[in-house]
Amino acid sequence: MKKILLSAILCSTLFASKSIAQLPDGSIAPDFTTTDVNGNTHNLYDYLDQGYSVVMDISATWCGPCWNYHVGGALEDLWANHGPAGEPGVLASTTDDVVVLWFEGDAGTALSELTNSSLGNWLEPNGQTVDFPMCNDDNIAQLYQLPYWPIIYTICPNRILKESGQLSANAHYSGTANCESASGANNGSLLGYTGETITCGEPVAMSVDLQNMGTDALTSATIEVMDGGTSVLSYNWSGNLATYEMESVSLGTVSPTSTTTYSIELSADDNASDNTVSATINTAQETAATMTVEVLTDTYADEIWMELTNASGAVVWSEGNENVQGNYGTGQFPPPADPSNPLANSTAYSWPVALPAVDCYTFTIYDYYGDGLQEGGGGSWSVKDNNGNVILSESAVNYGAMDAGLVKNTVASLDEMTAQNVQVYPNPATDVVNISFENTNDTYVSIMDLQGRVLGTQVASGANGTQVISFSTEGFAKGTYVVSVKANGLTSNSNVVIK
């Protein structure tokens with residue numbers, strides 16, 4: 001984890017949203033239209049389509065390192081020597097191939113702060129007016145998933161971005177030479193796979209980003225999806241893409257029966273090196289009625305949040321620190337291994353989870369900071385099926401803001417059986433837990449702790465009709481327990497909280 005709170009180059013305020021994670025190098029830069037402080041409108045893709053590279057500085061007016069870089073004049077020099085011909089402050093000798101855009105990206109900062117911040121006048125940092133566009137845009141930090149201030153990107157004409165950082169003007173310009181340029185007359189390029197990556201048995205919709213990296217307009221192409229040496233999907237695209245323009249192309253669907261890596265291939269053109277991308281489609285991992293989530297935290301455990309959602313998107317289980325304000329380093333959850341040092345927290349945890357119905361469930365683990373379980377030697381997570389086999393896992397990696405996997409419950413719950421009507425009450429419970437059900441055969445009812453130890457079992461035999469089984473909670477510690485009901489070869493597990 002970067003964990004740089006007040007350094008010479010980074011400001012410490014972080015975004016604390018489950019959706020926030022820094023765009024990695026090689027990402028496609030999101031398009032935007034913005035207005036600068038002088039009322040001029042700027043569209044990113046318009047500049048890129050004209051062949052400009054864009055150097056974009058996202059800062060905050062209260063950020064000291066941002067200010068120090070700003071007053072250093074590197075971006076002013078870059079603008080003067082390489083900015084668009086005819087623009088204010090651009091020299092007649094300009095190479096005319098770079099646009100500089102500066103943003104105040106903190107949504108809580110008023111426009112007036114650009115001229116009267118505690119650090120100085122951002123529009124005239126050295127007593128002279130800044131010539132490149134200065135924008136106060138509350139949306140840009142969210143759009144670019146900003147992890148800290150300042151962040152400086154170089155965006156190539158082909159829309160690919162790289163974090164270039166606080167470089168000198170010469171170093172920034174040298175970096176633009178690494179941008180891929182259009183070559184050949186007929187040159188389509190597959191930028192990447194953008195379709196679905198996981199299935200619970202349903203067909204998978206596949207799509208790719210197609211870009212014209214040629215000098216002529218791209219008007220047609222054939223895209224094949226290959227499983228080994230076999231074509232499983234073919235799409236004849238037609239359109240009209242100018243140089244550097246791109247389009248998301250829906251290819252159709254495939255139906256893998258197991259986890260499969262497909263090769264997606266563009267028809268032959270003037271540059272074969274950018275005609276192929278791969279796509280791995282993972283199939284859901286099966287379990288029966290229950291699963292177990294295991295986590296070994298890193299030293300920043302309270303950045304972790306996990307949830308399980310059903311096919312409709314409803315959350316059926318969650319655990320972790322749901323503090324979206326980013327109260328890091330407090331040890332609020334999970335409890336620290338060393339209470340005197342909340343950050344010294346590399347601890348193993350395990351949670352049994354009941355799956356309430358035959359359905360597909362998405363397990364997602366989030367890291368609020370956005371860099372996964374890699375600090376202090378690293379952590380790991382896994383999901384085990386009802387037999388204790390690992391069906392999903394990741395270990396000591398930078399998985400970014402989140403990682404996810406799909407689990408399919410293959411066992412019907414009692415809620416799905418018309419003859420049973422299982423209810424667990426009260427929940428939360430204090431003195432007693434009652435389990436009500438319609439008995440049609442021998443029904444076995446157990447209560448277990450979260451380690452799977454059975455604390456009590458009762459059997460309802462023979463008589464049909466509504467029956468109630470009760471468990472006294474005397475001697476039970478406060479916490480969450482699992483009520484398991486088995487009948488007719490089916491199992492239903494429900495969580496109950498004892499206060």
Give a yes or no on whether the backbone of Phe476 and the side-chain of Thr473 come within a donor-acceptor separation of less than 3.5 Å. no

Sidechain-backbone polar pair: Gln211 side chain, Asn158 backbone, donor-acceptor under 3.5 Å: yes

Backbone N/O of Gly188 and side chain of Asn212: donor-acceptor pair under 3.5 Å: no

Do the side chains of Arg159 and Asp209 get close enough for a salt bridge, i.e. N-O under 4.0 angstrom? no

Would you call the rings of Phe32 and Tyr144 parallel, tilted or perpendicular, where under 30° means parallel and over 60° means perpendicular? perpendicular

Under 3.5 Å, is there a donor-acceptor pair linking the side chains of Ser258 and Thr283? no

Have Asn495 and Thr480 got a donor and an acceptor in their side chains that come within less than 3.5 Å? no

Would you please classify the geometry between the Trp149 ring and the Trp62 ring as parallel, tilted or perpendicular, with 30° and 60° separating the classes? perpendicular

Check: Thr290/Asn386 side-chain N/O donor and acceptor closer than 3.5 Å: no

Modelled atom types, side-chain donor and acceptor of Ser207 and Thr194, under 3.5 Å: yes

Asp385 side chain vs Asn387 backbone, donor-acceptor pair below 3.5 Å: yes

Check the pair Trp305, Glu319 against side chain to side chain donor-acceptor pair (under 3.5 Å), reporting the backbone distance first and the verdict last. CA-CA 6 Å; Trp305 169 253; Glu319 192 61 85; over 6 Å; no

Would you say the side-chain atoms of Thr219 and Asn240 include a donor-acceptor pair closer than 3.5 Å? no

Closest contact, heavy atoms only, Pro256 versus Tyr262: CB-OH, 3.3 Å

Flag, side chain of Ser27 to backbone of Ala29, donor-acceptor distance under 3.5 Å: no

